[in-house]
Undergrad: 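Below is a structure I'd like to ask you about.
Nothing here was measured: the structure is a model prediction, and the numbers come from that model.
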Amino acid sequence: MEIRRARPEDVPAIAAYTQDTFEWGDYVPDMIAEWVDDTEGMTMVALVDGKPIAVARTLLLTSNEGWAHGIRVHPDHRGSGVAAALGAPLLKWIRDAGAQIVRLLVEDDNTPSIRHVEKLGFRRTARLMRASRAVGDASANAEGNGVRRGPSPLRARPAKTQDAPLILASWMSSDIGRAMRGLVGEGWRFHTMRLADVEAAARTGSLWEIGSSWAVTAAIEPEFLVAMLETRPDEAYETIGALVDAANNRGAEQISIWLPAIDWVVQAARRTGCDVKPLSVWEYPL
Ligand SMILES: CC(C)(COP(=O)(O)OP(=O)(O)OC[C@H]1O[C@@H](n2cnc3c(N)ncnc32)[C@H](O)[C@@H]1OP(=O)(O)O)[C@@H](O)C(=O)NCCC(=O)NCCS
C-alpha cells in the first residue's frame, strides 16, 4: 500500500466510492477536488495497485490547533488497518505545521470510527449534541413539536463589542462552557473560543443578547447555525425559542445549535421542537 498526498487524478475514484458513505450520502464527493488543491490543509490517500482506497484530511484552525476530518476507507478495504496507516502521516504533518493538539468529531454511534481514533490515541474531550429543526416554510410544524409554541417572550438582539470579554468569561466558567471544554463550533469544526472570535462575532452582527443569555451564530442562511450558546436552566427554553424566532424572521430554513450533553439544555432544545444527535469531540495532544 502506498500513502501520499492526494492529486487531481485521484478525484474521480474517491468521489465514486464515497457517494453513499452514510444514509444521507456524503460531502466528500463535493469537496475532494478542492481538497487536492489544498493550500490550508493536507489531504492524503492510500493506494493499492495505484487505485485510491482511502482518503483523509487535516488542517490548522488556529496557530496551534489542528482539525482532522473526511476519513473514508473504501468499503472493500475496511477493518484491515488502512485508517490507522493513513492517520499516522497526517498527525505528523499537522504537528510539523505547528499544531500542539488535533481534534476531530465523531457521531457517538459510529463504532468503527471510535475504535479507530481510540487506537490512534485520541481521547474523548467533549460530549455534544447537535440540536436542529426546520423553520419557516421549510417546517411542517413551524410552532414546534406538535405543541403550539407562541413567540418567545425574549428577543435576540445584537450584542455590543464591549460586552465580548464579559460574555467570553461568563461562558468559559459556566456549566455549558465548561462542558464544551471552551470549544466553539464553526460549522463542523471546533477550536478554543478566543476573545478575538467573540469580538469578530460582535462586529459582524453574529453576537446575540437574549435576556441574560448570549449566543454566537456562525451562519444565518439557509441554516441559522448557533456556534455558541450561553444560558441558564430557568431561561434556556425561552432563549432557544427566541433563537428559533430569529431564524424564522431572517428567512432561514433550518436552525442548528451546538450544545453540550447536559440534560436541562438538551431538554429545553427538545421542547422547542429540535431533534438532537449525540456526537463527541476527540483530541490528541501532539
Ligand atoms: C471509520 C473507518 C475510517 C475505519 O477505517 P478502517 O481502515 O476500517 O479502520 P481499521 O482497520 O484501522 O480499524 C479500526 C478499528 O475499528 C474496528 N472496526 C472496523 N470496522 C468495524 C465495525 N464495522 N464494527 C466495529 N468495529 C470495527 C477494527 O476492528 C479496529 O479495531 P481493532 O483493531 O481493535 O479490531 C472506516 O470504517 C470508514 O471509512 N467508515 C465510513 C466513514 C466514516 O465513518 N468515517 C469517519 C467519520 S468521523
Side-chain angles (χ1 to χ4, degrees), residues 65 67 101 103-110 113-114 117-118 122-133 135 144-145 147 149 152-154 156 159 163-164 166-194 197-198 201 206-219 223-247 254-283:
E65 293 168 288
W67 187 251
I101 194 151
R103 301 190 183 91
L104 47 78
L105 190 69
V106 183
E107 291 185 5
D108 285 356
D109 61 2
N110 191 340
S113 190
I114 290 173
V117 300
E118 279 177 339
F122 281 75
R123 61 180 183 227
R124 193 192 302 254
T125 183
R127 288 180 184 271
L128 310 183
M129 292 283 181
R130 187 172 169 94
S132 49
R133 57 161 291 179
V135 293
N145 230 11
V147 181
R149 184 187 68 81
S152 171
L154 300 179
D163 293 333
L166 167 70
I167 294 171
L168 180 63
S170 169
W171 180 71
M172 285 291 204
S173 60
S174 71
D175 284 355
I176 292 188
R178 284 189 322 196
M180 297 290 293
R181 302 287 187 267
L183 298 172
V184 62
E186 292 203 19
W188 294 85
R189 303 167 185 179
F190 287 78
H191 64 79
T192 305
M193 179 72 120
R194 299 156 299 178
D197 298 318
V198 189
S206 315
L207 181 64
W208 306 85
E209 187 181 335
I210 311 129
S212 57
S213 302
W214 292 289
V216 170
T217 44
E223 183 178 50
F224 192 93
L225 179 59
V226 180
M228 179 273 236
L229 177 69
E230 167 53 4
T231 188
R232 29 174 241 228
D234 60 343
E235 208 178 68
Y237 171 65
E238 291 175 347
T239 299
I240 295 172
L243 288 166
V244 173
D245 295 342
Q254 160 118 354
I255 180 167
S256 295
I257 312 171
W258 284 117
L259 300 173
I262 296 178
D263 201 44
W264 56 262
V265 75
V266 173
Q267 292 309 333
R270 283 190 203 275
R271 282 178 63 206
T272 62
C274 289
D275 287 328
V276 296
K277 181 186 251 309
L279 305 99
S280 295
V281 175
W282 294 71
E283 69 182 23

Undergrad: Would Ile240 and Arg270 count as a side chain to side chain contact (heavy atoms under 4.5 Å, CB included) if you check the C-alpha gap in whole Å, the side-chain angles of each, and the deciding distance to 0.1 Å?
TA: CA-CA 10 Å; Ile240 295 172; Arg270 283 190 203 275; over 6 Å; no

Undergrad: Side-chain donor-acceptor pairs under 3.5 Å in residues 122-129, sequence neighbours left out?
TA:
{"unit_1": "Arg123", "atom_1": "NH2", "unit_2": "Glu283", "atom_2": "OE2", "d": "3.3"}
{"unit_1": "Arg124", "atom_1": "NH1", "unit_2": "Asp108", "atom_2": "OD1", "d": "3.3"}
{"unit_1": "Arg124", "atom_1": "NH1", "unit_2": "Ser280", "atom_2": "OG", "d": "2.7"}

Undergrad: Looking at Val276 and Ala131, what are the two nearest heavy atoms and their distance?
TA: CG1-CB, 3.8 Å

Undergrad: State which residues pass side-chain hydrogen bond (donor to acceptor under 3.5 Å, both in side chains) with Asp109; sequence neighbours excluded, sorted by chain then number.
TA: none

Undergrad: Hey, what do you get for CD (Glu107) to CD1 (Ile114), rounding to the nearest 0.5 Å?
TA: 9.5 Å

Undergrad: For Glu230 versus Ser174, what's the shortest heavy-atom pair and its separation?
TA: OE1-OG, 2.9 Å

Undergrad: Let me confirm one number: the CD1-CE distance from Ile262 to Met180, rounded to the nearest 0.5 Å.
TA: 9.5 Å

Undergrad: Which atoms form the tightest heavy-atom contact between Ala269 and Leu259, and what is the distance?
TA: CB-CD1, 3.8 Å

Undergrad: Are any of the side-chain heavy atoms of Glu118 and Trp282 separated by less than 4.5 Å?
TA: yes

Undergrad: Under 3.5 Å, side chain of Arg133 to main-chain N/O of Thr272, donor-acceptor pair present?
TA: yes

Undergrad: Determine which pairs satisfy ring-ring contact (aromatic ring centres under 6.0 Å, His included) with at least one residue from residues 256-278, sequence neighbours left out, and list them in order.
TA: Trp188-Trp258, Phe190-Trp258

Undergrad: From Asp234 CG over to Thr239 OG1, what is the distance, rounded to the nearest 0.5 angstrom?
TA: 9.0 Å

Undergrad: Measure across Ala227 and Gly185 and return the closest heavy-atom pair with its distance rounded to 0.1 Å.
TA: CB-O, 2.9 Å

Undergrad: Per the salt bridge (Lys or Arg N to Asp or Glu O under 4.0 Å) rule, what does the pair list look like for residues 167-190, sequence neighbours excluded?
TA: Asp175-Arg178

Undergrad: Answer whether the closest heavy-atom distance between the side chains of His191 and Val184 falls below 4.5 Å.
TA: yes

Undergrad: Considering residues at least two apart in sequence or located in another chain, which fulfil the side-chain hydrogen bond (donor to acceptor under 3.5 Å, both in side chains) criterion with Glu235?
TA: Ser212, Ser213

Undergrad: Restricting to non-hydrogen atoms, name the atom on Ala242 and the atom on Ala156 that form the minimum distance, rounded to 0.1 Å.
TA: CB-N, 4.3 Å

Undergrad: Any chance you could measure Asp197, atom CG, to Met228, atom CE, to the nearest 0.5 Å?
TA: 10.0 Å

Undergrad: Can you tell me how far OG of Ser256 sits from NZ of Lys277, rounded to the nearest 0.5 angstrom?
TA: 11.5 Å

Undergrad: For Ala247, check side-chain contact (heavy atoms from CB on, under 4.5 Å) against everything at least two apart and list the hits.
TA: Val135, Phe224, Ala252, Ile255

Undergrad: Could you go through the side chain to side chain contact (heavy atoms under 4.5 Å, CB included) check for Thr192 and Leu183 one step at a time?
TA: CA-CA 4 Å; Thr192 305; Leu183 298 172; 4.1 Å; yes

Undergrad: How far apart are the closest heavy atoms of Met172 and Gly182, and which atoms are they?
TA: SD-CA, 3.9 Å

Undergrad: Are Val226 and Val216 packed together at the side-chain level, in the sense that at least one heavy-atom pair is separated by less than 4.5 angstrom?
TA: no

Undergrad: Rounded to the nearest 0.5 Å, what separation is found between the CD1 atom of Ile257 and the CG atom of Leu229?
TA: 6.5 Å

